[in-house]
Amino acid sequence: MRKIEHIGIAVKDLEVSNSLFEKLFGAPPYKQEEVASEGVKTSFFMNGPNKIELLEATTPESPIAKFLEKKGEGIHHIAFDVEDIVSEIARLQSEGFTVLNETPKKGADNKLVAFLHPKGTNGVLIELCQEIK
Ligand SMILES: CC[C@H](C(=O)O)C(=O)SCCNC(=O)CCNC(=O)[C@H](O)C(C)(C)COP(=O)(O)OP(=O)(O)OC[C@H]1O[C@@H](n2cnc3c(N)ncnc32)[C@H](O)[C@@H]1OP(=O)(O)O
Ligand SMILES: [Co+2]
């Protein structure tokens, strides 16, 4: 893991939060994208070394919907940039972490992603991201 790729924030209403974070950062989101497989629509701010990802649920079954129900709006996950997600998954599994999807899946912002169960990482949901070249 080389650096934080993005911090994911669960929000109830993406449009409302886009306006709020545009005031905070002084710039609009540089990208908005729906990831149907995750039941989310997202917007990305700060197109640099550390990004902010806002996520709104698009289905009641979405992990974001469940999270909002249980915990309300707030930091949802921390994503780390990895060079080779397949070998990183194998390494983490050998270290005893629970990888929620052994096969990397297509995420937002042109990435392959995988997640670790928060129970094994002191209550913090960790996402691995590999840039699709
Ligand atoms: C891919 C697009 C985009 C990208 O960057 O490319 C994204 O980031 S998409 C983000 C949304 N997708 C995911 O989060 C996928 C991984 N998440 C999951 O598989 C689930 O959310 C899971 C397994 C973490 C929890 O699902 P479950 O059905 O078990 O929900 P529960 O409410 O029963 O939770 C069990 C237990 O975990 C705690 N929990 C849940 N979510 C989080 C979280 N984000 N951070 C910390 N802890 C979390 C929850 O509180 C429960 O704990 P307990 O002590 O039992 O109350
Ligand atoms: Co993410």
Side-chain angles (χ1 to χ4, degrees):
M1 296 194 201
R2 298 178 300 188
K3 65 176 179 65
I4 290 177
E5 209 291 321
H6 65 265
I7 291 177
I9 299 173
V11 299
K12 291 187 185 108
D13 182 322
L14 198 58
E15 290 317 308
V16 169
S17 294
N18 279 344
S19 313
L20 178 70
F21 280 78
E22 180 166 349
K23 285 188 201 125
L24 180 69
F25 296 127
Y30 70 90
K31 176 180 275 195
Q32 300 208 54
E33 192 176 338
E34 182 157 353
V35 183
S37 58
E38 290 297 316
V40 294
K41 56 182 180 178
T42 67
S43 49
F44 284 88
F45 288 84
M46 297 209 301
N47 188 8
N50 299 308
K51 304 181 182 99
I52 296 294
E53 174 189 59
L54 304 184
L55 304 112
E56 178 188 338
T58 52
T59 66
E61 304 72 39
S62 161
I64 297 298
K66 287 190 82 171
F67 180 87
L68 285 168
E69 240 172 71
K70 204 160 196 173
K71 299 174 179 261
E73 293 184 313
I75 293 180
H76 178 261
H77 62 273
I78 302 174
F80 291 90
D81 178 58
V82 296
E83 181 72 28
D84 176 347
I85 195 165
V86 171
S87 62
E88 195 64 9
I89 287 171
R91 183 185 73 77
L92 290 165
Q93 285 177 317
S94 71
E95 295 284 5
F97 293 97
T98 303
V99 181
L100 291 162
N101 58 295
E102 285 196 30
T103 307
K105 50 187 173 182
K106 180 84 173 57
D109 210 22
N110 195 41
K111 300 280 185 318
L112 281 179
V113 302
F115 291 87
L116 306 184
H117 200 290
K119 285 286 177 223
T121 46
N122 289 147
V124 178
L125 179 62
I126 300 293
E127 178 183 359
L128 311 177
C129 293
Q130 177 188 322
E131 181 89 31
I132 300 172
K133 293 195 172 61

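Source: prediction; values computed, not measured.
Remark: Ser19 OG to Leu14 CG distance equals 9.5 Å, nearest 0.5 Å. Interatomic distance, Leu100 CG to Phe115 CZ, rounded to the nearest 0.5 Å: 8.5 Å. Distance check: Glu127 CD to Leu116 CG gives 10.0 Å after rounding to the nearest 0.5 Å. Rounding to the nearest 0.5 Å gives a distance of 8.5 Å between CG of Leu24 and CZ of Phe45. Separation of atoms OG1 (Thr98) and CD (Gln93) is listed at 9.0 Å; rounding is to 0.5 Å. Taken to the nearest 0.5 Å, the CD1 atom of Ile126 stands 13.0 Å off from the NE2 atom of His117.
Between Ser43 and Pro29 the shortest heavy-atom distance is CB-CB, 3.9 Å. Glu33 approaches Gly107 most closely through the heavy-atom pair OE2-O, 4.1 Å. The shortest non-hydrogen separation linking Ala114 to Ile85 is N-CD1, 3.7 Å.
No continuous path of ILVMFWY side-chain contacts below 4.5 Å connects Leu125 to Ile7, so the two sit in separate hydrophobic clusters. Each of Leu20 and Leu68 belongs to its own hydrophobic cluster when Ile, Leu, Val, Met, Phe, Trp and Tyr are linked at side-chain heavy-atom distances under 4.5 angstrom. Follow the hydrophobic side-chain contacts under 4.5 Å out from Leu92 and you reach Val86 in the same cluster. Under a hydrophobic-cluster definition in which Ile, Leu, Val, Met, Phe, Trp and Tyr are linked whenever side-chain heavy atoms come within less than 4.5 Å, directly or via other members, Val82 and Ile78 are assigned to the same cluster. Note: the hydrophobic cluster containing Leu112 does not contain Val35 (ILVMFWY, side chain heavy atoms under 4.5 Å, direct or indirect links).
Taking the side chain as every heavy atom from C-beta outward, Val99 and Leu128 never approach each other to under 4.5 Å. At least one side-chain heavy atom of Ile9 sits under 4.5 Å from a side-chain heavy atom of Phe21.
In this structure, Asn18 contributes its side chain and Pro28 its backbone to no donor-acceptor pair below 3.5 Å. In this structure, the side chain of Thr42 does not engage the main chain of Leu55 through any donor-acceptor pair within 3.5 Å. Counting only distance, with no hydrogens or angles, the side chain of Glu38 and the backbone of Pro63 share no donor-acceptor pair below 3.5 Å. Between the Asn101 side chain and the Val113 main chain, a donor and an acceptor come within less than 3.5 Å of each other. Judged purely by atom type and a 3.5 angstrom limit, Lys3 uses its side chain to pair as donor or acceptor with the backbone of Pro49.
Residue Ile75 places its CD1 atom among 12 or fewer non-hydrogen atoms of other residues, nucleotides or ligands, all under 6.0 Å distant. For Asn122, the CG atom sits in a loose shell: 12 or fewer heavy atoms of surrounding residues, nucleotides or ligands are nearer than 6.0 Å.
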Can Lys111 and Glu131 be said to form a salt bridge (Lys or Arg N to Asp or Glu O under 4.0 Å), step by step?
CA-CA 5 Å; Lys111 300 280 185 318; Glu131 181 89 31; 3.6 Å; yes

Pair Ile52-Phe25, side-chain contact (heavy atoms from CB on, under 4.5 Å): steps then yes or no
CA-CA 10 Å; Ile52 296 294; Phe25 296 127; 3.7 Å; yes

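Under the side-chain hydrogen bond (donor to acceptor under 3.5 Å, both in side chains) criterion, the residue pairs touching residues 53-75 are His6-Glu53, Glu53-His77, with sequence neighbours excluded.
The other members of the hydrophobic cluster of Phe44, by chain and number, are Tyr30 (side-chain heavy atoms under 4.5 Å, ILVMFWY only).
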